[in-house]
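What follows is one structure encoded as structure tokens, with my remarks underneath.
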Amino acid sequence: MARVLELALKRAGYEVFLVQDFFSGKEALAEPWDAVVLDLNLPGGFGLDLLRHLRQDLGKATPVIILSGLKQERTILEAMRLGAQDYLTKPFSPGELVLRLERYVAQR
């Protein structure tokens, strides 16, 4: 799935930096990004902990779009409370992700 999204985002003109696990994601968040597309189920940790780190520890307002197979209301609400701009549940269309991403990147 990550490779499909990477290809779709590159075709839409985005530069993509793909990380494979929680720890490399945490390191990558220290860099300045226009936006973050974040899966919640990551090897080594939970994506909401990365969102919490981005907002609370790093104090960054970088737009974040969550992608997840988790559809429980409490998970979605927690993501939004932590500052996610959007939450897409799997399965989703790569084209829909690109359109939503354009909305947030254009605001910066």
Pairs satisfying salt bridge (Lys or Arg N to Asp or Glu O under 4.0 Å), at least one member in residues 41-51, at least two apart: Asp49-Arg52
Could you list the residues that satisfy side-chain hydrogen bond (donor to acceptor under 3.5 Å, both in side chains) with Arg3, not counting sequence neighbours?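 For Arg3, the residues satisfying side-chain hydrogen bond (donor to acceptor under 3.5 Å, both in side chains) (neighbours in sequence not counted) are Glu6.
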Partners passing side-chain hydrogen bond (donor to acceptor under 3.5 Å, both in side chains) against Asn41 (at least two apart in sequence or in another chain):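 Not a single residue meets the side-chain hydrogen bond (donor to acceptor under 3.5 Å, both in side chains) criterion with Asn41.
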Scanning both residues in full, the closest heavy-atom pair of Leu51 with Ala79 reads CD2-O, 3.6 Å
Closest approach of Leu48 and Glu78, non-hydrogen atoms and distance?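 Looking at all heavy atoms of both residues, the closest pair is CD1-CG, 3.8 Å.
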Could you list the donor-acceptor pairs under 3.5 angstrom formed between side-chain atoms of residues 22-30 and any protein atom two or more places apart in sequence or on another chain?
from: Ser24; atom 1: OG; to: Asp21; atom 2: N; distance (Å): 3.4
from: Ser24; atom 1: OG; to: Asp21; atom 2: O; distance (Å): 3.2
from: Ser24; atom 1: OG; to: Asp21; atom 2: OD1; distance (Å): 2.8

Taking the side chain as every heavy atom from C-beta outward, state whether [X] and [Y] have any pair of such atoms under 4.5 Å apart.
| X | Y | result |
| --- | --- | --- |
| Leu50 | Leu40 | no |
| Val36 | Ile65 | no |
| Leu38 | Leu67 | no |
| Tyr104 | Thr62 | no |
| Asp86 | Ile66 | no |

Val64/Arg55 under side chain to side chain contact (heavy atoms under 4.5 Å, CB included): CA gap, chis, key distance, verdict: CA-CA 10 Å; Val64 174; Arg55 296 292 189 245; 3.7 Å; yes
Taking a hydrophobic cluster as the set of Ile, Leu, Val, Met, Phe, Trp and Tyr residues connected by side-chain heavy atoms closer than 4.5 Å, whether directly or through intermediates, do [X] and [Y] fall within one such cluster?
| X | Y | result |
| --- | --- | --- |
| Val37 | Phe92 | yes |
| Val16 | Leu5 | yes |
| Leu42 | Leu58 | yes |
| Leu18 | Val105 | no |

Would you list the pairs meeting side-chain hydrogen bond (donor to acceptor under 3.5 Å, both in side chains) in which at least one residue belongs to residues 87-99, sequence neighbours left out?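 Matches after skipping sequence neighbours: Asp39-Lys90, Glu96-Arg100.
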Under the side-chain hydrogen bond (donor to acceptor under 3.5 Å, both in side chains) definition, can you give me all pairs with a residue in residues 63-75, not counting sequence neighbours? none
First locate atom NZ of Lys60, then atom CH2 of Trp33, and finally report the distance between them rounded to the nearest 0.5 Å.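 One finds 9.0 Å between NZ of Lys60 and CH2 of Trp33.
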Could you state the interatomic distance from CD (Gln56) to CG (Leu82), rounded to the nearest 0.5 Å?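 Answer rounded to 0.5 Å: 6.5 Å.
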